[in-house]
Amino acid sequence: MRILFMGTSEFAVPALKELIAHKFELIGVVTQPDRPSGRGKRLTPSPVKGVATAHTIQVYQPEKARNPDFVRTVKRLAPDVIVVAAFGQILPQTILDIPPCGTINLHPSLLPRYRGAAPIQWALINGETETGVTLMLLDAGEDTGDIISADRVPIRDEDTAFTLTRQLAQLGANQLVRCLSNMPIGEPPFAVPQNDAEATHAPRLTKEIGRIDWNQPAIAIHNLVRGTAIWPGAYTFFREKLRLKIVRCQSLPQELDRRPGTLEIAERQKLLVATAEGTLQLLEIQPATKKSMEAHDFINGYQLQTGEFFNY
RNA sequence: CGCAGGGUAGAGCAGCCAGGUAGCUCGUCGGGCUCAUAACCCGGAGGACGGGGGUUCAAAUCCCCCCCCUGCAA
C-alpha cells in the first residue's frame, strides 16, 4: 500500500516513526518549507523533515498545498492513502480526491470536541479531565470528517501541553498503525459521521492568551499555565517592566486576603500570589532573558518582599 | 547580517556608566539557643569576576576578538 505522509510539527513525529518501524511503504513525506526560525533567523527544517531525511525518504515542501504543481506531484505519486498529522495547511479537495483509500487525519482531541489548531492546549486551559486522539477521514471542513476510531486518555493534574502532546502523539501513532494494518483494499476504512451539534472549536493560540489575569481563580490560572506551556507561556509583569513566565505552579484553596496579583512570601521560601479565588503558589519562574529558576532562587536573587505585586 | 538582555562563590542577584583590597540573599560546614525546629544568634569555608588580546602604576569595571546562555520576533 502506497502511503504519502503529510506532517510538520513534533506531534507528527511518532506517527511517521511508527510507520517507518512497521515497514509501511512510504512513498514520500510532505512538510512545510524550512522557515527562518530561532535567534538569528536561521533556516530551520521541520521536525518531520528531520526524521524523513534521516531515513532517506523523499521530502516535498510545497509553499501552498493547493499549488497546481504540487497537486500534479501528488497525482503522479499515486498514493493509495494519504496520512496527515499536524501538517499545518488546509488540503484542497483536488488532493483529497486523489487517494482511493482516502486521507486519514490524526487529531489530538475527542472529536467533535476541540476541532481546530490547538485542541490539546484548549482542553488544558478549560480544565478538562479527559481528552484523547481521534483518527478520521479528512473532508473539506476543518476536522469535520467521519471518525474511524478514537482513544481516550485522562488528563492528570500534572499534565501540561508538553506531556499531553507527547502522550497523544504516541497513542495516535499506535492507532494509526492499527488502522493501516487492517485497511480494506481500494476503499476508505469504515467511519461514522460526527455529531456536529456537539462540536467545539480550538483556535490557534495567540500571545495575548498567555497573559495572566490575576482576577481569575487560581485554578484557571494554573490551567492556563499548563495549556500554554509550549507556547506562548503564561506570563505577567513584575516591577513595572520585567516580563515573567510562570513555568510551574500549584493552586491552593487557602485565601490570602490581599488584592489579586499581590505576592506573599511564606515560610521564607514559598512564593504565593493572591487571585480572585484561592492562591497560586509559584514553583518555577522564568524572567525574560534568564533561564527558568525555582521560586526559591527568584525570592533570594531579587530580594522579594511580601506585598509586592504583579502588573497585568 | 532580525531586535534585545546576560555569563561575578553550590544557587539566584548587586558591583561595571564616573578603574584602586569582590558584596547581598539562600545553601553549606562548625558552634550556640531551644522540649524541638525548616525558626533565631555567633563564627567559618568557598570566587584568579566565560575565554583571549589591548590600554593603564592599577581592569569584574575601559577598548577589540571569540565562545556560551536567554527573552522577543518568525
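Chain letters run A, B, ... following the sequence lines, proteins first and then strands; every chain starts at 1.
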Chemist: Would you say A/Lys245 reaches B/U70's phosphate, i.e. side-chain N/O to OP1/OP2 under 4.0 Å?
Modeler: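 So the side chain of A/Lys245 is outside the cut-off, no N or O lying under 4.0 Å from OP1 or OP2 of B/U70.
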Chemist: Mind telling me if B/A22 is syn or anti? Syn here is a glycosidic angle within 90° of 0.
Modeler: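 Anti for B/A22; the angle lies over 90° from 0.
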Chemist: Counting any heavy atom closer than 4.0 Å, what does A/Lys290 reach on the DNA or RNA strands: base, sugar-phosphate only, or nothing?
Modeler: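 Sugar-phosphate: the residue A/Lys290, judged by heavy atoms under 4.0 Å, touches backbone atoms but no base.
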Chemist: Under 3.5 Å for both donor-acceptor distances, Watson-Crick or wobble: does B/A4 have a partner, and if so which one?
Modeler: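 Result: B/U70.
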Chemist: Given that A/Pro287 and A/Ile299 both sit by RNA chain B, which one's nearest nucleotide is further toward the 5' end?
Modeler: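 Upstream on the strand: A/Ile299.
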Chemist: In terms of the nearest nucleotide of RNA chain B, which residue is placed more toward the 5' end: A/Asp297 or A/Ser37?
Modeler: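 Result: A/Asp297.
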Chemist: If hydrophobic clusters are built by linking Ile, Leu, Val, Met, Phe, Trp and Tyr wherever their side-chain heavy atoms come under 4.5 Å apart, do A/Leu280 and A/Phe238 end up in the same one?
Modeler: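 Same cluster: A/Leu280 reaches A/Phe238 through Ile, Leu, Val, Met, Phe, Trp or Tyr contacts under 4.5 Å.
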Chemist: Mind calculating the distance between CD (A/Glu208) and P (B/A73) to the nearest angstrom?
Modeler: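 The answer, rounded to whole Å, is 12 Å.
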Chemist: For A/Arg39, report the nucleic acid contact type (base, sugar-phosphate, nothing); a contact means any heavy atom under 4.0 Å.
Modeler: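 Since a base atom lies under 4.0 Å of A/Arg39, the category is base.
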Chemist: In whole Å, I'd like the distance from the CE atom of A/Met293 to the P atom of B/A11.
Modeler: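 So the two atoms are 12 Å apart, to the nearest Å.
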Chemist: From A/Tyr302 OH over to A/Leu244 CG, what is the distance, rounded to the nearest 0.5 angstrom?
Modeler: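 Between A/Tyr302 OH and A/Leu244 CG, I get 8.0 Å after rounding to 0.5 Å.
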Chemist: Return the nucleotide paired to B/A18: Watson-Crick means purine N1 to pyrimidine N3 with N6-O4 or O6-N4, wobble means G-U with N1-O2 and O6-N3, both under 3.5 Å.
Modeler: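 Paired with no nucleotide.
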Chemist: Which nucleotide, if any, forms a Watson-Crick or G-U wobble pair with B/G10, using both distances under 3.5 Å?
Modeler: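 Checking every strand shown, B/G10 finds its partner in B/C26, with both distances under 3.5 Å.
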Chemist: What's the shortest heavy-atom distance between A/Ala65 and A/Leu91, and which atoms?
Modeler: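 Looks like CB-CD2, 3.9 Å.
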Chemist: With under 30° as parallel and over 60° as perpendicular, where do the rings of A/Phe24 and A/His22 fit, or are they tilted in between?
Modeler: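 Correct class here is tilted.
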Chemist: Output the distance between atom CD1 (A/Ile246) and atom OG1 (A/Thr236), rounded to the nearest 0.5 Å.
Modeler: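 Here the interatomic distance stands at 6.5 Å.
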Chemist: Over how many whole Å does the gap from A/Arg42 atom CZ to B/A74 atom C1' extend?
Modeler: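 To the nearest whole Å, that distance equals 12 Å.
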Chemist: Report the C-alpha separation of A/Gln170 and A/Asn174 in whole Å, then their side-chain angles, then the decisive distance to 0.1 Å, and conclude whether the side chain to side chain donor-acceptor pair (under 3.5 Å) test is met.
Modeler: CA-CA 6 Å; A/Gln170 188 56 53; A/Asn174 299 342; 3.1 Å; yes
Chemist: Could you give the distance separating B/C3 and B/G23 at their P atoms, to the nearest angstrom?
Modeler: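 Taking atom P in both B/G23 and B/C3, they lie 39 Å apart.
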Chemist: If the P atom of B/G20 is compared with that of B/C16, how far apart are they to the nearest Å?
Modeler: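 Nearest-Å result for B/G20 against B/C16 at atom P: 9 Å.
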Chemist: Would you mind classifying the nucleic acid contact of A/Lys207 as base, sugar-phosphate or nothing, using non-hydrogen atoms under 4.0 angstrom?
Modeler: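 If one applies the 4.0 Å heavy-atom cut-off, A/Lys207 turns out to touch the sugar-phosphate alone, with no base involved.
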Chemist: Rounded to the nearest Å, what distance is computed from the CD atom of residue A/Gln269 to the P atom of nucleotide B/A38?
Modeler: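 Atom-to-atom, A/Gln269 to B/A38, this comes out as 12 Å.
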Chemist: Touch check for A/Glu294, heavy atoms < 4.0 angstrom, all strands: base, sugar-phosphate only, or nothing?
Modeler: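 It contacts nothing in the nucleic acid.
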Chemist: Counting only side-chain heavy atoms from C-beta out, which of B/C1, B/C26, B/C72 sits nearest to A/Lys41?
Modeler: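 Of B/C1, B/C26, B/C72, B/C1 is nearest to the side chain of A/Lys41.
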Chemist: Heavy atoms from C-beta onward define the side chain here; which of B/A11, B/C40, B/G71 lies closest to that of A/Arg268?
Modeler: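 Of the options given, the side chain of A/Arg268 lies nearest B/C40.
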Chemist: Specify the separation, in whole Å, of atom NZ of A/Lys291 and atom P of B/G71.
Modeler: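 The distance from NZ of A/Lys291 to P of B/G71 comes to 10 Å, rounded to the nearest Å.
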Chemist: Output yes when at least one side-chain N/O atom of A/Gln303 is less than 4.0 Å from OP1 or OP2 of B/C24, else no.
Modeler: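 No, outside the criterion.
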Chemist: Say you pick atom C1' in B/G7 and the same atom in B/C66; how far apart are they, in whole Å?
Modeler: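 My reading of the C1' atoms in B/G7 and B/C66 gives 14 Å.
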Chemist: NE2 of A/His296 versus C1' of B/C13: gap in Å, rounded?
Modeler: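 About 13 Å, once rounded to whole Å.
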